[in-house]
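Below is one structure, written out as structure tokens; comments come after it.
Keep in mind that this is a model prediction, so the values were computed, not measured.
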2 protein chains.
Amino acid sequence: MDNNSCIRQQADIKQINRCKDRVSELNGSFDYLSNGLKLAGNNVRLKILFLIYEEKRLCVCDISDILGMTISAVSQHLRKLKDRKLIETEREAQTIFYSLTKEYEKMLKPFFKILDENKILETL
Amino acid sequence: MDNNSCIRQQADIKQINRCKDRVSELNGSFDYLSNGLKLAGNNVRLKILFLIYEEKRLCVCDISDILGMTISAVSQHLRKLKDRKLIETEREAQTIFYSLTKEYEKMLKPFFKILDENKILETL
DNA sequence: TTCGTATTTTAGTAGTTGCTTAAATAAGCA
DNA sequence: TGCTTATTTAAGCAACTACTAAAATACGAA
């Protein structure tokens, strides 16, 4: 795009440049974090994460039953969460159990606290 | 969908029902929270939120310049953030400045801390 | 009022996402 | 080995998203 269209006359050039540097410095981190937030930013996946958090571990079949969705649809969500290492698997005979990875359990806890206490509508 | 396809034989019916109740009880909160996370879960919007957080306030034009995007594209992101009250506006002559709402500033801080300290790749 | 600056809005479009259906894989058991 | 159970994967498609380009709105100054 062409930048010469609207730089406002009172623009603080120093500020703009500082910000540009900041963004390029942190660029990879933005990608990584936004990707993680996007995963949690889906209604179904957020419920899945919450259920796994509360119950410690669940299999696709349980989740499919709880959410009233096809196993296939749930499985595809689980794969996304697993690819990004928000959750991990543990096989027990034919059943594969999913649980939160330690890092994300810690990270998601505050959100689930808010959810659980139903404070969400006032807090946000 | 039809549920009778795969309820595994050793399924814990009590657990399933407890989870179903939990989900329907918190249903509105899941919608609200996932919607918010989705907004932050976009590369461009996360950068916008971060920049506004660091600089206190910025106008569309500044952000467009910093990110190398058209003003129109940035404006459309800002509208989404504003609709959901993550950010608010303050007019100064022809220029409209955007800043984080207090609630979200508090809520986003821990994420930006991680970003800033570049810990993100180890922490997440 | 007319012009310039700052910004938003609208319409159109290419790319992405989340689901469905059907086929494939994997483990346990007769 | 074949059969059942548990699960994943692949193909297809409808809905959604983020952008572009052009038009519209809003304020200030001459």
Side-chain angles (χ1 to χ4, degrees), chain A residues 1-12 16 30-31 34-35 37-48 57-84 87-99, chain B residues 1-12 16 30-31 34-35 37-49 57-84 87-98:
Chain A
M1 64 142 255
D2 53 331
N3 283 356
N4 48 14
S5 51
C6 162
I7 309 307
R8 63 185 223 285
Q9 295 171 317
Q10 323 92 291
D12 178 344
I16 302 280
F30 282 123
D31 286 350
S34 67
N35 183 266
L37 290 168
K38 179 184 278 171
L39 280 175
N42 168 282
N43 201 303
V44 173
R45 282 191 297 265
L46 187 63
K47 285 177 192 166
I48 291 176
R57 63 173 213 173
L58 287 169
C59 68
V60 223
C61 190
D62 291 332
I63 298 170
S64 135
D65 192 12
I66 294 163
L67 299 180
M69 294 176 60
T70 63
I71 289 174
S72 172
V74 172
S75 178
Q76 288 173 72
H77 282 299
L78 289 171
R79 184 170 49 148
K80 290 187 181 185
L81 294 171
K82 195 189 173 189
D83 283 350
R84 182 47 206 279
I87 59 177
E88 59 197 358
T89 53
E90 164 197 15
R91 176 157 227 148
E92 209 161 276
Q94 286 133 294
T95 307
I96 295 166
F97 288 98
Y98 286 88
S99 51
Chain B
M1 64 141 253
D2 53 333
N3 282 357
N4 48 12
S5 50
C6 161
I7 309 309
R8 65 184 217 288
Q9 294 172 320
Q10 325 90 293
D12 179 343
I16 302 281
F30 282 124
D31 286 349
S34 66
N35 184 265
L37 290 168
K38 180 184 280 169
L39 280 175
N42 169 282
N43 201 303
V44 173
R45 282 193 297 267
L46 186 63
K47 286 177 190 166
I48 291 176
L49 290 169
R57 61 172 214 176
L58 289 169
C59 68
V60 224
C61 190
D62 292 332
I63 298 169
S64 133
D65 193 12
I66 295 163
L67 299 182
M69 294 176 60
T70 62
I71 291 173
S72 173
V74 173
S75 178
Q76 288 173 71
H77 282 299
L78 288 170
R79 185 170 46 149
K80 289 188 181 185
L81 294 171
K82 196 188 173 191
D83 284 350
R84 180 50 205 278
I87 59 177
E88 58 197 358
T89 54
E90 165 196 14
R91 175 159 227 142
E92 209 162 274
Q94 286 133 292
T95 307
I96 294 165
F97 288 98
Y98 285 87

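- In this structure, B:N42 atom CG and D:dC16 atom C1' are separated by 13 Å, rounded to whole Å.
- For A:M69, the side-chain atoms get nearest to C:dC19 when compared with the rest of D:dT7, C:dC19, C:dT7.
- For a distance-only test at 3.5 Å, the side chain of B:S72 qualifies as a donor-acceptor partner of the base of D:dA21.
- Summarising the geometry, the separation between NZ on A:K82 and C1' on D:dT9 is reported as 14 Å, rounded to the nearest angstrom.
- Here C:dT7 is the nucleotide among C:dT7, D:dT17, D:dT7 with the atom lying nearest to any side-chain atom of B:I71.
- Checking B:I96 against A:R91, the closest nucleotide of DNA chain C that is more toward the 5' end is the one next to B:I96.
- In the interface, the side chain of B:S75 is not paired with the base of C:dT9 through any donor and acceptor atom under 3.5 Å apart.
- Separation of atoms CG (B:N42) and OG (A:S34) is listed at 7.0 Å; rounding is to 0.5 Å.
- The structure places OG of A:S64 at 11.5 Å from CG of A:L58, a figure rounded to the nearest 0.5 Å.
- What separates CG of B:L78 from P of C:dT8 is a distance of 7 Å, to the nearest Å.
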**OP:** Run the numbers on B:L78 and B:I96 for side-chain contact (heavy atoms from CB on, under 4.5 Å), then give the verdict.
**Re:** CA-CA 11 Å; B:L78 288 170; B:I96 294 165; over 6 Å; no
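- Closest to the B:A73 side chain, of the nucleotides C:dG18, C:dT5, D:dC19, is D:dC19.
- The side chain of A:T70 sits closest to C:dT20 out of C:dT5, C:dT20, D:dT5.
- In this structure, the nucleotide among C:dT17, D:dT7, D:dC19 sitting nearest to the side chain of B:H77 is D:dC19.
- The B:Q76 side chain lies nearest to D:dA21 when the options are D:dA21, C:dG4, D:dT9.
- For the pair A:E92 CD and C:dA27 C1', the computed distance is 13 Å after rounding to whole Å.
- Separating the CD1 atom of A:I48 from the P atom of C:dC19 is a distance of 9 Å, rounded to the nearest angstrom.
- Dashed line: the shortest gap from a side-chain N or O of A:R79 to OP1 or OP2 of D:dT9 is under 4.0 Å.
- For the atom pair NE2 (B:H77) and CG (B:L49), the distance works out to 11.0 Å, reported to the nearest 0.5 Å.
- The interatomic distance linking B:F97 (CZ) with C:dA6 (C1') rounds to 11 Å, in whole Å.
- Residue order along DNA chain D, read from the 5' end via each residue's closest nucleotide, puts A:V74 first among A:V74 and B:Q94.
- Atom CD1 in B:I63 sits roughly 14 Å away from atom C1' in C:dA6 (whole-Å rounding).
- Rounded to an integer number of Å, the gap from CG of A:L67 to P of C:dG18 is 14 Å.
- Distances were taken from every side-chain heavy atom of B:Y98 (C-beta onward) to each of C:dT7, C:dG18, C:dA26; the shortest belongs to C:dT7.
- For the atom pair CD (B:Q76) and NZ (B:K80), the distance works out to 8.0 Å, reported to the nearest 0.5 Å.
- The side chain of A:K80 lies closest to C:dG18 when the candidates are D:dA6, D:dC19, C:dG18.
- B:D31 is not listed as a side-chain neighbour of B:N35, based on a closest heavy-atom distance of 4.5 Å or more.
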